[in-house]
Amino acid sequence: MNGGCRRSWAISPVQGFTDFLKSLGAARLAAMGAVTAALIGLFAFMILRVTAPQMTPLFTDLSIEDSATIVKDLDRQAIPYEIRNEGAIILIPRDRVTRVRMKLAEGGLPKGGGVGYEIFDKSDALGTTSFVQNINHLRALEGELARTIRALDRVQAARVHLVLPERPLFSRDKPEPSASIVLKVRGALESQQVRAIRHLVASAVNGLKPERVSVVDEAGRLLADGASNDSLGGMAGQADERRLAYERRLREQVEAIVTSVVGPNRARVQLTTEFDYNRVTQTTDRFDPDGRVLRSSQTREESAATADSQGQVTVGNELPGGRQDASAAREQSRKSEEITNYEISRTTKTEVTEGGRVSRISVAVLVDGAYARNPAGELSYQARSKEDLDRIATLVRSAIGFDQKRGDQVEVVNLPFAEVQPNPINEPSGLMAYLQFTKEDILRAVELAVMALLALMVVLFVVRPLVRRAISPDHPVAQPVAAIPSLAPGEAVPEGIPVVTNHTAKMIDIAKVQGQVHAQSLQRVGELAQQNPQETVAIIRSWLNEPALESRGA
């Protein structure tokens with residue numbers, strides 16, 4: 001007996017748990033399994049999400065080639081990464097960004113989507129023809145220029161095409177090289193930036209002129225024409241830039257000298273200049289009669305003598321050396337001629353006045369008044385005197401090189417400035433100085449809070465009702481008990497017929513709920529019900545009325 005009791009006490013917990021599972025049923029067990037699996041998945045997702053490293057961009061605006069090369073290198077180093085924007089952005093853990101960038105820079109990544117001079121690093125020069133070498137040189141030059149242009153501000157991407165024609169055989173004329181550039185910019189480029197790009201490319205290519213470089217943006221707008229007749233447009237752009245630079249320089253000079261008198265932020269200067277871009281060529285010839293110089297002198301003298309022999313012609317007169325008659329009359333004549341040439345002083349002056357000279361300057365200067373404290377301690381505005389304004393105007397005229405004949409104009413006006421209330425910046429101190437969170441920290445905290453709130457709502461409104469419904473027992477149902485035949489006083493109950501008492505009925509209900517009713521007891525109860533059908537029906541009717549009475553009482 002004792003051994004049997006010990007054995008029953010040893011196996012009762014296991015048997016009770018087994019009976020409890022049997023009492024739940026297959027549907028409840030399946031629901032509990034599904035809830036358990038969902039909880040495990042939810043908490044696993046939350047743990048992985050919380051413990052996952054924060055990802056930050058490694059590189060942005062990558063080309064497909066650079067993105068593929070970088071991903072391959074990250075896979076080799078077993079570094080987790082994420083790809084976004086079709087490969088243009090690669091994200092890795094924040095704590096490894098600097099080291100990975102240095103490692104990739106050591107290998108020359110990213111290359112920028114173009115091929116540079118590294119094309120010659122792994123080339124087989126032994127089996128390469130001159131044509132292939134020339135093509136590789138052209139590709140390398142285009143790639144290097146594209147990289148240099150991308151390094152400029154506001155330039156997001158660049159592509160360069162070079163045309164370097166060769167001189168034909170037996171030809172004296174050589175075709176001029178040209179270039180075309182396609183830019184993808186952030187915002188808009190200024191004219192001086194476009195000119196800088198053109199000169200940059202022209203300086204890097206032998207024989208290329210800036211006028212032969214065309215620049216187009218990603219929207220198809222022509223920023224610079226590469227035709228040969230672009231000199232006029234280039235000169236106009238240079239003229240505008242020169243005017244703006246001249247106005248800026250004069251404005252800075254005037255502001256510097258005025259603010260030194262009235263104080264900082266107490267003066268506003270607006271300056272406008274007019275330029276004359278006409279090119280004038282003038283030639284002047286001047287003759288000075290007083291400044292004559294002897295150029296040449298020529299003197300000529302002639303003398304003649306004649307004798308009158310009264311018309312007699314003799315042999316002696318005609319013979320040379322013949323003796324003439326002394327009695328004959330003689331005539332003598334003398335002629336003197338002198339020619340003097342003088343060179344008159346002549347001055348030829350040719351003046352060429354290039355375009356871009358200043359034709360007029362207009363300056364408007366607005367100065368604030370003086371401020372002094374009244375007896376109440378408040379600041380009061382005081383207008384400046386006319387003498388002070390005249391002195392300031394004199395300084396401005398001297399600073400800009402005032403020329404009245406040119407039509408320059410200078411106006412100095414004294415008006416009170418509008419007061420602008422500065423927004424005070426409260427710098428945190430003490431404990432608040434350590435609570436300065438970045439945008440990433442705030443987003444991370446919000447993400448964790450949302451995940452925690454979601455988990456709490458799932459536990460309270462989903463998991464808890466399901467668990468309670470699964471483990472809560474059903475309402476106990478009274479089991480039918482067969483009526484016991486009437487017995488005489490003192491007569492023993494026949495074997496096999498259970499004695500039905502209140503205690504016995506309660507034990508049967510408990511056994512039904514917990515699943516501990518044995519098959520033999522059920523069989524015996526069924527036999528009793530078959531033998532006493534009327535009593536069984538009466539008991540069942542009483543059981544059916546009990547829930548209704550209980551509900552009415554409640």
Side-chain angles (χ1 to χ4, degrees), residues 59-73 76 86-88 90 104-152 154-185 189 193-230:
F59 294 108
T60 59
D61 298 331
L62 292 174
S63 61
I64 300 299
E65 296 80 4
D66 288 342
S67 180
T69 308
I70 292 174
V71 167
K72 184 178 180 181
D73 193 273
R76 182 178 58 82
E86 298 181 356
I90 298 179
L104 294 175
E106 183 180 355
L109 294 175
K111 298 180 180 179
V115 180
Y117 285 117
E118 67 272 6
I119 194 175
F120 297 103
D121 295 341
K122 299 181 181 180
S123 61
D124 187 7
L126 183 60
T128 305
T129 62
S130 61
F131 176 77
V132 175
Q133 288 288 355
N134 293 333
I135 294 297
N136 290 338
H137 178 264
L138 182 62
R139 292 178 59 194
L141 186 58
E142 291 177 349
E144 293 294 334
L145 288 174
R147 293 176 184 176
T148 305
I149 295 173
R150 278 195 301 271
L152 302 177
R154 295 186 183 180
V155 178
Q156 184 176 356
R159 188 172 179 85
V160 180
H161 300 277
L162 297 177
V163 179
L164 305 178
E166 296 182 357
R167 176 183 293 177
L169 296 176
F170 310 107
S171 176
R172 295 182 180 179
D173 299 331
K174 180 180 179 181
E176 295 184 0
S178 60
S180 59
I181 305 173
V182 180
L183 301 177
K184 183 178 181 182
V185 298
L189 292 179
Q193 292 176 327
V194 177
R195 289 182 57 249
I197 293 174
R198 299 179 71 182
H199 282 274
L200 173 67
V201 176
S203 301
V205 180
N206 184 21
L208 180 61
K209 298 179 181 179
E211 294 80 10
R212 299 281 296 173
V213 179
S214 301
V215 183
V216 183
D217 63 358
E218 73 278 8
R221 292 188 295 268
L222 184 63
L223 303 180
D225 188 4
S228 300
N229 57 355
D230 191 40

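If you're wondering where the values come from, they're calculated on a predicted model, not measured in any experiment.
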(message) Which residues pass the side chain to side chain donor-acceptor pair (under 3.5 Å) test with D217, not counting sequence neighbours?
(response) R221

(message) Applying salt bridge (charged side-chain N to carboxylate O under 4.0 Å, His left out), can you list everything that pairs with R172, at least two apart in sequence or on another chain?
(response) none

(request) Mind listing the closest non-hydrogen atom pair of P210 and A202 along with its distance? (result) N-CB, 3.7 Å

(request) Could you tell me which residues satisfy side chain to side chain contact (heavy atoms under 4.5 Å, CB included) with L200, sequence neighbours excluded, listed by chain and number? (result) T148, I149

(message) Please enumerate all residues that pass side chain to side chain contact (heavy atoms under 4.5 Å, CB included) together with F170, with sequence neighbours excluded.
(response) none

(request) Taking the side chain as every heavy atom from C-beta outward, state whether V205 and L145 have any atom pair closer than 4.5 Å. (result) yes

(message) Whether E142 and R139 form a salt bridge (side-chain N of Lys/Arg under 4.0 Å from carboxylate O of Asp/Glu) is what I want to check.
(response) no

(request) Kindly give the heavy-atom pair with the smallest separation between P175 and D173, and that separation in Å. (result) CD-O, 4.0 Å

(message) So, using side chain to side chain contact (heavy atoms under 4.5 Å, CB included) as the criterion, who are the partners of A179 when residues are at least two apart?
(response) L162, V201, L208, V213

(message) Is there a side-chain contact (heavy atoms from CB on, under 4.5 Å) between E218 and V182? Walk through the geometry before answering.
(response) CA-CA 7 Å; E218 73 278 8; V182 180; 5.7 Å; no

(request) Would you check if L104 and F59 make a side-chain contact, meaning some heavy-atom pair closer than 4.5 Å? (result) yes

(message) Using 0.5 Å steps for rounding, measure from the CG atom of L138 to the CD atom of Q133.
(response) 13.0 Å

(message) For the NZ atom of K209 and the CZ atom of R198, what is their distance to the nearest 0.5 Å?
(response) 13.0 Å

(message) To the closest 0.5 Å, what do you measure between CZ (R159) and OG (S180)?
(response) 9.5 Å

(request) Could you tell me which residues satisfy side chain to side chain contact (heavy atoms under 4.5 Å, CB included) with K174, sequence neighbours excluded, listed by chain and number? (result) R167

(message) Once rounded to the nearest 0.5 Å, what's the spacing between atom OG of S67 and atom CD1 of I90?
(response) 4.0 Å

(message) How long is the straight-line distance from CG of L183 back to CD of Q156, given to the nearest 0.5 Å?
(response) 11.0 Å

(request) Kindly give the heavy-atom pair with the smallest separation between E176 and P165, and that separation in Å. (result) O-CG, 3.9 Å

